[in-house]
Protein chains: 2
Amino acid sequence: MREGPDLSRVAALVGDPARANMLSALMGGTALTASELALEAGVSLPTASSHLAKLCDGGLVRVAAQGRHRYFALAGTQVALMIEAISGVAEAVGPQRTRPGPRDKAMREARVCYDHLAGERGVALFDHLLARGLLVEDAERLAPSDAGRHWFEALDIDVGALRQARRPMCRACLDWSVRRSHLSGSLGAAMLDTITTRGWARRDKNSRAVVFTPTGRRAFEQLLAD
Amino acid sequence: MREGPDLSRVAALVGDPARANMLSALMGGTALTASELALEAGVSLPTASSHLAKLCDGGLVRVAAQGRHRYFALAGTQVALMIEAISGVAEAVGPQRTRPGPRDKAMREARVCYDHLAGERGVALFDHLLARGLLVEDAERLAPSDAGRHWFEALDIDVGALRQARRPMCRACLDWSVRRSHLSGSLGAAMLDTITTRGWARRDKNSRAVVFTPTGRRAFEQLLAD
DNA sequence: ATCATGGTTCGATGGTAGTCGAAGCGTTGT
DNA sequence: ACAACGCTTCGACTACCATCGAACCATGAT
């Protein structure tokens with residue numbers, strides 16, 4: 001009989017297969033409509049609607065009405081972080097997971113985590129930033145150093161502008177496949193944006209995987225090489 | 001219809017109030033018997049037994065038989081990390097949480113997270129270690145520097161011995177109350193051990209709270225002051 | 001041997017939540 | 001205005017699962 005935040009209430013929301021599938025789909029970062037999510041979860045539209053209402057009510061998902069469409073998205077990075085953490089144990093204890101299919105391999109290599117890059121490449125990036133002192137943890141929080149600011153600006157990422165936003169700029173997000181941290185926050189989002197707009201990689205249509213082009217891969221490795 | 005680890009299966013395990021209470025109790029780090037957990041969860045013994053069987057089966061909890069007792073404990077730090085992450089969103093979205101009672105305040109200040117120190121003090125410790133360069137993140141992982149090794153050894157913590165163990169020594173664990181990282185892993189466990197055996201603080205009987213004695217508090221702050 | 005204690009299994013019960021078809025409601029386009 | 005579309009609400013059905021009392025199994029003590 002202990003108090004503290006009500007774990008079971010939010011865990012139960014994730015505990016239904018249909019809802020879990022929806023949340024997984026939303027981990028892609030793009031907002032989706034109810035019909036898309038129904039398809040993704042493999043349930044009928046009414047069922048999906050009911051689930052989405054619960055997710056909204058529970059605070060895990062936010063909705064934005066646009067015309068006759070309603071776009072659903074994760075409520076925030078903290079929710080994404082929780083999903084990753086749950087994925088971590090699911091991965092660890094999963095008795096199944098027999099053959100790690102090809103798409104699974106791609107997911108391990110690079111994937112979208114809500115709005116930033118995760119997987120081996122995401123971790124490699126984060127490691128590099130820390131190792132080179134481009135990102136430093138001062139007493140208060142993780143932030144780019146002066147050198148880091150230049151590094152990002154060389155990629156056309158305006159650190160100053162990001163700093164203004166109320167959204168946290170840097171955050172460490174634990175990776176379920178590699179079990180190490182990668183860069184989250186608005187800076188992480190900007191990095192992913194850079195990677196895709198420069199054509200270094202493209203999003204897989206049917207999964208969270210991020211597949212690098214050969215040249216994009218080289219460019220990215222070059223970035224971490226010096 | 002996406003694959004990936006089966007979120008809902010493990011989330012559903014946490015999604016039942018009785019099981020969630022048990023897991024919360026086990027976050028204290030000490031192994032508990034089935035009867036104790038039944039009491040903690042507010043259910044009858046048969047019910048608790050059934051739940052525990054499911055938790056074991058699901059890989060969230062491990063059991064050790066000792067005579068006619070059976071001691072249950074969390075399966076590992078990764079599970080603890082997940083519980084903290086879920087607590088985080090529960091805390092954030094929780095519409096209730098009206099008055100943060102006195103015990104709640106103590107929990108925010110310092111508490112046990114599985115086997116190490118969490119809460120404001122845990123975060124303060126972690127910040128200090130990073131800020132002073134006692135803990136550094138090299139390319140591979142977080143580890144104490146030479147200076148850090150001396151710092152720990154001054155507290156009678158044998159870093160070398162911990163390094164031998166197969167259990168990861170350093171790990172950053174996200175704090176649900178402060179939303180920043182604190183020290184986990186065997187080194188974190190050793191720190192908590194030091195704090196309690198030196199009489200700086202004692203465990204609250206009925207919660208995860210860690211209450212510092214006046215002198216212990218001073219000693220701890222001294223440790224982070226230089 | 002006999003009894004007490006800690007724990008699991010069984011069976012029956014009840015509640016709750018997921019599911020879908022059909023109908024209802026806005027919004028958009030023609 | 002009317003039709004098409006996206007989505008929600010309603011109602012009914014079903015299935016699962018948490019719950020507990022009672023019986024059952026161990027282990028340890030007398």
Side-chain angles (χ1 to χ4, degrees), chain A residues 1-2 6-26 30-75, chain B residues 1-2 6-26 30-75 90 93:
Chain A
M1 285 304 197
R2 39 188 63 242
D6 189 1
L7 284 181
S8 67
R9 207 170 139 283
V10 349
L13 283 174
V14 192
D16 177 81
R19 284 194 295 262
N21 282 334
M22 291 179 177
L23 291 170
S24 290
L26 291 176
T30 55
L32 299 173
T33 68
S35 350
E36 289 170 324
L37 287 167
L39 194 68
E40 198 73 46
V43 294
S44 76
L45 224 166
T47 309
S49 182
S50 153
H51 284 308
L52 287 167
K54 280 167 192 162
L55 287 174
C56 288
D57 199 53
L60 298 194
V61 154
R62 278 189 322 201
V63 60
Q66 249 176 52
R68 60 178 161 184
H69 292 270
R70 302 192 71 194
Y71 285 99
F72 295 88
L74 289 191
Chain B
M1 287 304 198
R2 40 187 62 243
D6 189 1
L7 284 181
S8 67
R9 205 170 140 283
V10 349
L13 284 174
V14 192
D16 177 81
R19 285 194 293 262
N21 282 334
M22 292 179 178
L23 291 171
S24 289
L26 291 177
T30 56
L32 299 172
T33 68
S35 348
E36 289 170 323
L37 287 167
L39 195 69
E40 199 73 46
V43 294
S44 75
L45 225 165
T47 311
S49 182
S50 154
H51 284 308
L52 288 168
K54 279 167 192 161
L55 287 173
C56 287
D57 199 53
L60 298 193
V61 155
R62 278 189 323 200
V63 60
Q66 252 176 49
R68 62 178 161 185
H69 290 270
R70 304 192 69 193
Y71 286 100
F72 295 88
L74 290 191
V93 307

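We name chains A, B, ... by the order of the sequence lines, and we start the count at 1 in each one.
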With respect to the side chain of [X], which nucleotide from [options] is positioned closest?
X: A/Ser44; options: D/dT19, C/dC20, C/dG18; answer: C/dC20
X: B/Pro46; options: C/dT19, D/dG6, D/dG21; answer: D/dG21
X: A/Leu45; options: C/dC20, D/dT8, C/dT8; answer: D/dT8
X: B/Phe72; options: D/dG6, C/dT8, D/dT19; answer: C/dT8
X: A/Ala34; options: D/dA18, D/dT8, D/dC20; answer: D/dT8

Would you mind reading off the distance between [X] atom [atom1] and [N] atom [atom2], rounded to a whole angstrom?
X: A/Glu36; N: D/dC5; atom1: CD; atom2: C1'; answer: 14 Å
X: A/Leu32; N: D/dG6; atom1: CG; atom2: P; answer: 15 Å
X: B/Leu52; N: D/dT19; atom1: CG; atom2: P; answer: 12 Å
X: B/Asn21; N: D/dT19; atom1: CG; atom2: P; answer: 10 Å
X: B/Asp16; N: D/dC16; atom1: CG; atom2: C1'; answer: 13 Å
X: A/Leu39; N: D/dG6; atom1: CG; atom2: C1'; answer: 15 Å
X: B/His69; N: D/dT27; atom1: NE2; atom2: C1'; answer: 10 Å
X: B/Arg9; N: D/dC16; atom1: CZ; atom2: P; answer: 17 Å

Between the CG atom in B/Leu26 and the CD atom in B/Glu36, the distance rounded to the nearest 0.5 Å is 10.0 Å
CG of B/Asp16 to CG of A/Leu7, rounded to nearest 0.5 Å, is 11.5 Å
Do any side-chain nitrogens or oxygens of [X] fall under 4.0 Å of OP1 or OP2 in [N]?
X: B/Thr47; N: D/dA18; answer: no
X: A/Lys54; N: C/dA17; answer: no
X: A/Ser49; N: D/dT8; answer: yes
X: A/Arg70; N: C/dT27; answer: no
X: A/His51; N: C/dT19; answer: yes

Evaluate the side-chain proximity of [Y] to [X]: yes if any heavy-atom separation is below 4.5 Å, no if none is.
X: A/Val63; Y: A/Leu52; result: no
X: A/Phe72; Y: A/Thr33; result: no
X: A/Leu23; Y: A/Val61; result: yes

